[in-house]
**Q** 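The structure under discussion is supplied below as structure tokens; questions concerning it will follow.
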Amino acid sequence: MSKTVTLTIDGQTLTVPAGYSIWEAAHQVGINIPNLCHHPALRPEGSCRVCVVKVKGARNLSASCVTKVAEGMEVSTHTPEVLAVRKNIVELLLANHPRDCLSCARSGNCELQKIASDMGIRKIPYNYNRPPMKKDEGNPSITRDPAKCILCGRCVRMCSEVQGIGVYGFTWRGINSRVSPAFDLPLDKATCTYCGQCAKVCPTGAITIHNDTDKVWAALRDPEKIVMVQTAPSVRVGLSEALGGKPGDIVTGKMVAALRQLGFDKVFDTNWSADLTIMEEGTEFIHRLKDGGVMPMITSCSPGWVNYMEMFYPELIPHFSTAKSPQAMFGTMLKTYYAQKMNIDPAKIVSVSIMPCTAKKFEAQRPELSASGFRDVDVVLTTVELGQMIREAGLNFQALPDEQFDPLMGVGSGAGTIFGTTGGVMEAAVRTAYELLTGKGLDPLELAPVRGMEGIKEATLTIGKTKVKVAVAHNLANARKVCEAIKAGNPHGWHFIEIMACPGGCINGGGQPISLEMDTPVKRQEALYTDDRNLPIRKSHENPEVQALYREFLGEPNGHKAHQLLHTHYREQIRG
């Protein structure tokens, strides 16, 4: 059987791999076929029919995203018939769509809006007749507006096939058809982990990030408040896209300058608390390894994964590391250590974090994350929301000078940087745990087996006389496989496991800029590894500001004070 197929598209002869769809073949030669239900990360479904083309000899127009190429096939993508049918389909979608584009969260970045513009649709020949539908705004992470749903099914496929949860499904029929959780439950009652991957693939404003920029603007304008901000590793390689730049641009210095221009009193680096997390989590792992603690130990810095474990596998909670996430550790230290050092009343501090993650908004509201007597983090903004604030302020981002983070909590290592990608937490932990256990540095420093985008990765290290087997998984469908293996008695013999809720880790979090290019997460990942290589400190335990924190305030890692402030507990969540 031939491995390639030769066909013609709009008179161009081309040869493509067998099994390609017409849409993929056309894309390869620069022919843009519009679509709304197709997404490169998801299984093709052909439900929207916007991508129809004319195949010679076929009785009807064919949906190009699900029609496979064939030898000698002749395809036309823009005959008068094809263009008329596509335009009519989009007009029908617009007829059932709210007319609030100017105030929509996806205005300017809406696929339906762009396709309508590209097709030259300037008026809609049908009346709006969709019944009113209530917004779902009861959770802190994601807003759903069913009136803007075009029934493309992307969120259904993402949640079911990639994340393995299946929160969404098609309900009702005819003009009442909609996508919603079972029994029309709001997301705060459904088994939603708030990972935000549904918002990443939604082509319209039907699923968006819960916007908290107004809260931050209000705090910045309040003369009684001292507003301080931390920025996660992945934000520095994602923010540029939200402001017209390229995927993977490292814009750390300009991001710091922009935050100061917006009015933040202090700008800090979550890489600092990522290093702190490694000190606590790595020490915890060493204690479990030496003292026969619950194994395998599993990382707990991904809040979407934490939600998943608490809802679906509460019996495995003892395997969780008790270390807080870097976001929460930072917030605690800001309102204790930093407040004391600077003689600031912690009640006046507004702790803001910029995260690539929608689930971080939910995490910040967890009642147990307030060991200092104050909430660790008051407001969480995503990368997308920060981009919005920068545009709202009229800042010329690319023209800003590079500036440095503020001291005491502003130095981060390369190990902290790679927290933002799948495998990064494990690699950072191994760099420190290996050296603490053996007195020697890991050589090579890069832990290649846990890098890349493979769903589940493993590595075996000899640390002293002990063979330690580690595993890394990303996306919740793979998390389920890992959980089932642990329940089955851990036949792989894992000692330490890292799990991230989002495909690719934080680089592809629900709060990162939306991209339809499959290589975008890879470019962000490569940028984090580049940043790691270029930083003067590459191991968490060598961070001088973290060393000072232990010397002046906490004592030793996993000590009494550290446990009181930097560790937490988890509980079963019952929803649905």
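In what follows, every heavy atom counts, from backbone to side chain, and hydrogens, waters and symmetry copies are set aside. Nothing here was measured: the structure is a model prediction, and the numbers come from that model.
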**Q** Check whether any side-chain N or O of Asn475 sits under 3.5 Å from a backbone N or O of Gly455 as a donor-acceptor pair, and report yes or no.
**A** no
**Q** Could you tell me the separation between the NE2 atom of His474 and the CD atom of Glu454, rounded to the nearest 0.5 Å?
**A** 8.0 Å
**Q** Distance under 6.0 Å and angle within 45° of the ring axis: does Arg451 meet both against Tyr529?
**A**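 Positive - Arg451 is close enough to the ring of Tyr529 and near enough to its axis.
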**Q** Any luck finding a side-chain donor-acceptor pair between Asn271 and Thr417 under 3.5 Å?
**A**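 A pair is found: one side chain offers a donor N or O, the other an acceptor, under 3.5 Å apart.
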**Q** What's the separation between atom CD in Glu385 and atom OG1 in Thr358, rounded to the nearest 0.5 Å?
**A** 10.0 Å
**Q** For Asn127, I'd like to know if atom CG has over 12 heavy atoms of other residues, nucleotides or ligands within 6.0 Å.
**A** no
**Q** Give a yes or no answer on whether the side chain of Arg575 reaches the backbone of Cys192 with a donor-acceptor pair at less than 3.5 Å.
**A**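 Checking the backbone N and O of Cys192 against the side chain of Arg575, a donor-acceptor pair under 3.5 Å is found.
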**Q** Determine whether Ile499 and Ser302 satisfy the following criterion, side-chain contact (heavy atoms from CB on, under 4.5 Å), listing intermediate values before the conclusion.
**A** CA-CA 7 Å; Ile499 296 181; Ser302 167; over 6 Å; no
**Q** Show your reasoning for whether side-chain contact (heavy atoms from CB on, under 4.5 Å) applies to Leu7 and Tyr20.
**A** CA-CA 11 Å; Leu7 71 158; Tyr20 259 37; over 6 Å; no
**Q** Taking Ser76 for the side chain and Lys54 for the main chain, is one N or O donor matched with an acceptor at less than 3.5 Å?
**A**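 Side chain of Ser76 to backbone of Lys54: no pair is present.
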**Q** Working to the nearest 0.5 angstrom, can you tell me the gap between Ile456 CD1 and His492 NE2?
**A** 7.5 Å
**Q** Taking atom CZ of Arg99 as the centre, report whether more than 12 heavy atoms of other residues, nucleotides or ligands fall under 6.0 Å from it.
**A**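 Count over threshold, so yes.
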**Q** To the nearest 0.5 Å, what is the distance between CG (Asn109) and OG1 (Thr204)?
**A**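 Going from CG on Asn109 over to OG1 on Thr204, the span is 11.0 Å.
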**Q** Looking at Glu111 and Arg154, is there a salt bridge between them, counting it only when a charged N and a carboxylate O are closer than 4.0 Å?
**A**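 Yes.
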**Q** Could you tell me the separation between the CD1 atom of Ile31 and the CD1 atom of Ile9, rounded to the nearest 0.5 Å?
**A**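 It is 5.5 Å, given to the nearest 0.5 Å.
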**Q** What verdict does the side chain to side chain donor-acceptor pair (under 3.5 Å) test give for Thr270 and Gln230, after you've listed the backbone C-alpha separation in whole Å, the side-chain angles of each residue and the deciding distance to 0.1 Å?
**A** CA-CA 5 Å; Thr270 312; Gln230 57 168 307; 2.9 Å; yes
**Q** Between Glu363 and Ser325, is there a side-chain donor-acceptor contact under 3.5 Å, judged purely by atom types and distance?
**A** yes
**Q** How far apart are the C-alpha atoms of Asn211 and Gln388, what are their side-chain angles, what is the distance that settles it, and do they pass the side-chain contact (heavy atoms from CB on, under 4.5 Å) test?
**A** CA-CA 10 Å; Asn211 194 303; Gln388 177 190 328; 2.9 Å; yes
**Q** To the nearest 0.5 Å, what is the distance between CD1 on Ile33 and SG on Cys65?
**A** 9.5 Å
**Q** Please check if the side chain of His78 supplies one atom and the backbone of Leu83 the other of a donor-acceptor pair under 3.5 Å.
**A** no
**Q** Start with the C-alpha distance between Glu427 and Val472, add both sets of side-chain angles, then the distance that settles side-chain contact (heavy atoms from CB on, under 4.5 Å), and finish with yes or no.
**A** CA-CA 10 Å; Glu427 184 171 336; Val472 168; over 6 Å; no
**Q** Heavy-atom distance under 4.5 Å between the side chains of Asn139 and Phe362, does that happen here?
**A**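 The answer is no; the side chains never approach within 4.5 Å.
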